[in-house]
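The next block holds one structure in the form of structure tokens; read it before the comments.
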Number of protein chains: 2
Amino acid sequence: MRKILLDENEMPKEWYNILPDLPEDLPPPLNPATNEPVKPEELEAIFPKALIKQEMSQERWIRIPEEVRDIYALWRPTPLIRAKRLEEYLKTPARIYFKYEGGSPPGSHKPNTAVAQAYYNAKEGVERLTTETGAGQWGSALCFATKLFDLKCTVYMVKVSYHQKPYRRILMETWGGEVIPSPSDRTESGRRILEKDPDNPGSLGIAISEAIEDAVKNEDTKYSLGSVLNHVLLHQTVIGLEAKKQLESIGEEPDVIVGCVGGGSNFAGLSYPFVKDVEKRGTKIIAVEPAACPTLTKGEYRYDFGDTAGLTPLLKMYTLGHDFIPPPIHAGGLRYHGDAPTLCILVKNGLVEARAVKQIPTFEAGLIFARTEGIVPAPETNHAIRVVIDEAIKAREENEEKVILFGFSGHGLLDLKAYDDFLSGKLQDV
Amino acid sequence: MRKILLDENEMPKEWYNILPDLPEDLPPPLNPATNEPVKPEELEAIFPKALIKQEMSQERWIRIPEEVRDIYALWRPTPLIRAKRLEEYLKTPARIYFKYEGGSPPGSHKPNTAVAQAYYNAKEGVERLTTETGAGQWGSALCFATKLFDLKCTVYMVKVSYHQKPYRRILMETWGGEVIPSPSDRTESGRRILEKDPDNPGSLGIAISEAIEDAVKNEDTKYSLGSVLNHVLLHQTVIGLEAKKQLESIGEEPDVIVGCVGGGSNFAGLSYPFVKDVEKRGTKIIAVEPAACPTLTKGEYRYDFGDTAGLTPLLKMYTLGHDFIPPPIHAGGLRYHGDAPTLCILVKNGLVEARAVKQIPTFEAGLIFARTEGIVPAPETNHAIRVVIDEAIKAREENEEKVILFGFSGHGLLDLKAYDDFLSGKLQDV
């Protein structure tokens with residue numbers, strides 16, 4: 001069997017919350033004005049109560065609402081696929097499985113949380129969500145999700161991406177989203193920047209400031225984030241819970257689990273349900289990040305802002321500094337200066353191993369995958385595939401029948417420009 | 001249940017050949033030089049023997065080789081999905097199901113035949129395939145398939161599309177294909193055109209001529225076609241055979257079956273396995289074509305060339321004339337002057353009803369679909385969705401619990417420019 005499928009009724013009914021199972025307590029987010037732990041009510045200007053509760057919950061299992069599962073069913077459970085042709089190409093005794101999240105309508109894992117966030121906001125009477133987006137993967141997932149719950153959605157899209165990457169902008173508009181090139185004249189922070197520098201190309205930091213300001217200033221509006229926070233990672237655990245069930249159904253247990261890391265949501269979604277196996281059976285869990293933005297491998301573990309402008313609470317995490325600007329690698333989803341605090345705890349305690357890889361080897365890996373398994377991966381996913389190939393070659397050299405599981409976070413059909421650059425030798429090896 | 005899935009071992013083991021079940025004999029293809037039926041050996045310069053045999057076979061069931069099923073398994077069986085949210089939006093008592101072919105790596109139904117054609121060519125020692133492509137959907141499917149069987153692939157891509165639609169060109173190259181803007185200096189027919197008109201933008205007709213010439217002149221090379229011919233439609237019947245099994249598993253029988261038609265391969269793939277039900281239980285099968293290229297609704301039933309340049313055998317079909325140039329609608333896959341001869345027989349005998357729809361109503365339908373079911377359809381697929389919505393509204397008005405099945409031929413992620421034109425009011429209503 002190449003694909004292991006689950007029926008709709010085998011979709012998880014609960015998300016897995018790793019908080020009670022962390023090897024040490026999670027340092028609380030701090031209010032930068034007081035240096036005191038943030039109180040739940042301080043977050044109500046930007047998040048609905050249900051999500052704030054999830055953010056701080058110590059419950060191990062949290063029920064997935066029926067309405068969310070009903071939308072998940074548009075594409076979930078996602079298939080677990082054995083990469084048999086890749087194994088043959090690599091002549092490895094390893095068995096390689098990937099959990100394919102590219103089949104969601106926006107083409108990535110992002111809607112797993114976008115749908116949940118849209119649901120809770122809609123339930124609490126919110127009428128509009130704001131968010132920021134770089135290349136557009138998160139923005140398109142949120143436009144998709146809000147449309148299905150009849151919410152409006154305003155996406156502040158980094159201006160240079162807005163003009164250079166029209167496809168995801170159009171996708172957002174097709175789902176009814178309002179996409180604003182940022183910096184814009186819609187917010188004070190945007191106007192302030194435009195006054196000084198009318199041609200400012202924008203940045204994720206500026207876009208976050210605009211999205212938060214828009215949410216704070218409008219009664220009916222909240223803000224939505226696509227990674228890093230506990231509740232976001234929580235929603236993504238459907239990935240790993242399904243994968244676990246799928247592997248069990250064929251009597252397999254993963255020896256190595258690999259995922260790419262930007263803020264950590266796709267990685268956590270796949271790997272958190274397996275973290276207990278690290279001590280129990282020596283499972284190796286590898287987080288792969290770009291060498292151009294090496295937060296886990298070279299960052300400092302300390303309190304820092306989640307955004308560039310310094311509007312968010314302080315989070316304790318591995319960080320390159322909130323003003324760090326990574327080179328413009330194609331894996332836009334991995335260009336984040338910090339990481340999810342829960343993931344940082346796991347790395348710090350040796351439960352997750354972090355590796356950084358350069359851009360060209362990731363595209364070499366992605367091309368091998370596209371030409372053996374047929375699916376063109378997103379540049380982010382290529383980071384995971386690079387390490388999977390390295391591990392499969394190691395298994396061949398050591399003649400070990402390893403079971404490797406990796407997270408296929410998204411397809412690359414809207415990132416083909418990156419492959420063009422790679423194939424024509426224009427890609428920088430950062 | 002929203003999705004009806006099949007296990008890999010439930011994938012069809014045989015294709016269904018409609019030839020023995022046609023209501024009248026299929027008029028043979030004619031050699032234009034002699035006006036005599038084409039002999040199998042006359043086709044061997046461009047096709048492998050196995051495909052010529054399939055083209056002329058009267059066997060009702062033709063075994064699918066294991067090697068082909070093994071590649072199909074990368075994305076097949078495809079899900080049959082109930083469009084519950086669309087039904088609710090339309091307040092229709094109809095139950096709407098779609099067979100989703102957008103999950104294949106190239107994003108459409110095209111690889112169902114591309115894989116089979118690549119397999120038979122590889123088996124007969126062919127080393128390279130040539131083909132033509134307009135917008136690139138067929139070309140990308142063939143590059144995908146040839147790469148998996150270690151064949152080379154040369155795609156003559158209409159020059160104006162080559163420059164205007166780089167994404168599918170890059171996709172072909174990512175799968176190792178060689179993509180040549182046509183007219184080119186690689187062939188005599190190309191050179192002849194360039195001498196007279198160096199800036200010629202190209203056409204599908206010219207690209208076909210170049211691809212055929214390239215195949216005829218090179219010993220190790222054959223030519224591949226993505227629609228119209230019997231063997232191509234044959235390979236697509238996995239779609240309908242799976243859909244039939246899926247509907248049976250939930251006790252449903254379709255009252256109305258809808259598909260879009262260019263050359264007819266996607267339409268035939270879904271509907272041919274149901275054609276017997278037209279007389280048996282009054283099933284209505286509707287072929288939807290663009291009003292801009294109304295072959296089945298306004299064409300003449302006569303012998304005509306399959307290509308613009310007049311290099312192919314003469315086929316008896318509904319045709320607008322082989323020199324007909326349709327307006328540049330976004331549904332590039334439906335801009336063909338003729339139709340599959342078997343489909344024409346069914347239309348002529350009243351077993352299939354043909355309808356033509358204008359461009360703007362198809363995008364209105366596609367937008368409703370994207371905003372209810374979440375998936376953005378290809379412009380071709382929007383033609384089917386238009387008629388599905390019309391039929392569902394009719395079912396509401398007549399208060400009838402119809403079961404509607406339609407073919408979702410491909411997703412629209414590489415056609416977003418078309419949605420942009422539509423949303424910004426730039427789309428012509430032809």
Side-chain angles (χ1 to χ4, degrees), chain A residues 1-9 70-77 79 81-85 100 102-107 111 115 140 144-145 147-148 166-171 173-176 366-367 370-376 411-424, chain B residues 1-9 70-77 79 81-85 100 102-107 111 115 140 144-145 147-148 166-171 173-176 366-367 370-376 411-424:
Chain A
M1 284 284 245
R2 193 185 279 281
K3 290 192 302 299
I4 299 97
L5 305 174
L6 293 176
D7 271 331
E8 237 163 86
N9 53 28
D70 191 57
I71 304 283
Y72 278 175
L74 289 171
W75 76 96
R76 302 205 74 84
I81 307 180
R82 175 140 176 217
K84 246 176 51 185
R85 293 178 52 93
Y100 184 61
S104 77
V115 168
S140 57
F144 159 78
K147 174 48 73 183
L148 301 183
Y167 270 51
R168 282 220 177 82
R169 189 257 306 157
I170 302 168
L171 189 55
E173 291 172 347
T174 299
W175 279 318
L367 203 72
R371 290 180 176 186
T372 52
E373 292 296 320
I375 306 173
V376 180
H411 67 63
L413 292 182
L414 297 182
D415 302 286
L416 285 168
K417 177 71 173 58
Y419 283 87
D420 202 28
D421 287 352
F422 171 60
L423 291 168
S424 57
Chain B
M1 284 284 245
R2 192 186 280 281
K3 289 192 302 297
I4 299 98
L5 305 174
L6 294 176
D7 271 330
E8 238 163 86
N9 53 28
D70 191 57
I71 304 283
Y72 278 175
L74 289 172
W75 75 96
R76 304 207 71 84
I81 306 179
R82 175 142 177 216
K84 245 176 53 183
R85 292 177 53 93
Y100 184 60
S104 78
V115 168
S140 57
F144 159 78
K147 174 48 73 184
L148 301 183
Y167 270 53
R168 283 219 177 81
R169 190 257 306 157
I170 302 168
L171 189 56
E173 291 172 348
T174 299
W175 281 317
L367 202 73
R371 291 181 174 185
T372 52
E373 292 297 318
I375 306 173
V376 180
H411 67 62
L413 291 182
L414 297 182
D415 303 285
L416 285 170
K417 178 69 172 62
Y419 283 87
D420 203 26
D421 288 352
F422 171 61
L423 291 168
S424 56

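Throughout, a chain's letter reflects where its sequence line sits, starting with A, and its residues are numbered from 1. Values below: all heavy atoms of this structure, side chains included; hydrogens, waters and symmetry mates excluded.
Within the 4.5 Å cutoff, side-chain heavy atoms of A/Ile81 are placed close to those of A/Arg2. Contact of the A/Glu173 side chain with the B/Asp420 side chain is registered, since non-hydrogen atoms from C-beta on lie closer than 4.5 Å. Using a 4.5 Å cut-off on side-chain heavy atoms (C-beta onward), B/Lys3 and A/Trp75 make no contact.
In this structure, the side-chain hydrogen bond (donor to acceptor under 3.5 Å, both in side chains) partners of A/Tyr72, at least two apart in sequence or on a different chain, are A/Trp15. With sequence neighbours excluded, the residues forming a salt bridge (charged side-chain N to carboxylate O under 4.0 Å, His left out) with A/Asp421 are A/Lys417, listed by chain and number.
Considering OG1 of A/Thr174 and CZ of A/Arg168, their distance stands at 13.0 Å, rounded to 0.5 Å. Of the inter-residue distances, the one linking B/Leu416 atom CG with B/His411 atom NE2 reads 9.5 Å to the nearest 0.5 angstrom.
Interface check for chain A: of the options B/Phe144, B/Tyr419, B/Phe422, B/Trp175, the most heavy-atom pairs under 4.5 Å are formed by B/Trp175. Here A/Asp70 is the residue among A/Asp70, A/Ile375, A/Ile4 with the most heavy-atom pairs under 4.5 Å with chain B. Contact count against chain A (heavy-atom pairs under 4.5 Å) is highest for B/Arg371 among B/Lys147, B/Glu373, B/Arg85, B/Arg371. In terms of heavy-atom pairs under 4.5 angstrom with chain B, the leader among A/Leu148, A/Val376, A/Leu414 is A/Leu148.
Using a 4.5 Å cut-off between heavy atoms, A/Thr372 touches chain B through its backbone atoms (N, CA, C, O) alone. Residue contact with chain B, scored on non-hydrogen atoms closer than 4.5 Å, involves the backbone and the side chain of A/Leu74 alike. With a threshold of 4.5 angstrom between heavy atoms, A/Arg169 approaches chain B through side-chain atoms but not through N, CA, C or O. Of the two parts of A/Leu367, only the side chain, counted from C-beta on, holds a non-hydrogen atom closer than 4.5 Å to a non-hydrogen atom of chain B. Both the backbone and the side chain of B/Leu171 have a heavy atom closer than 4.5 Å to some heavy atom of chain A.
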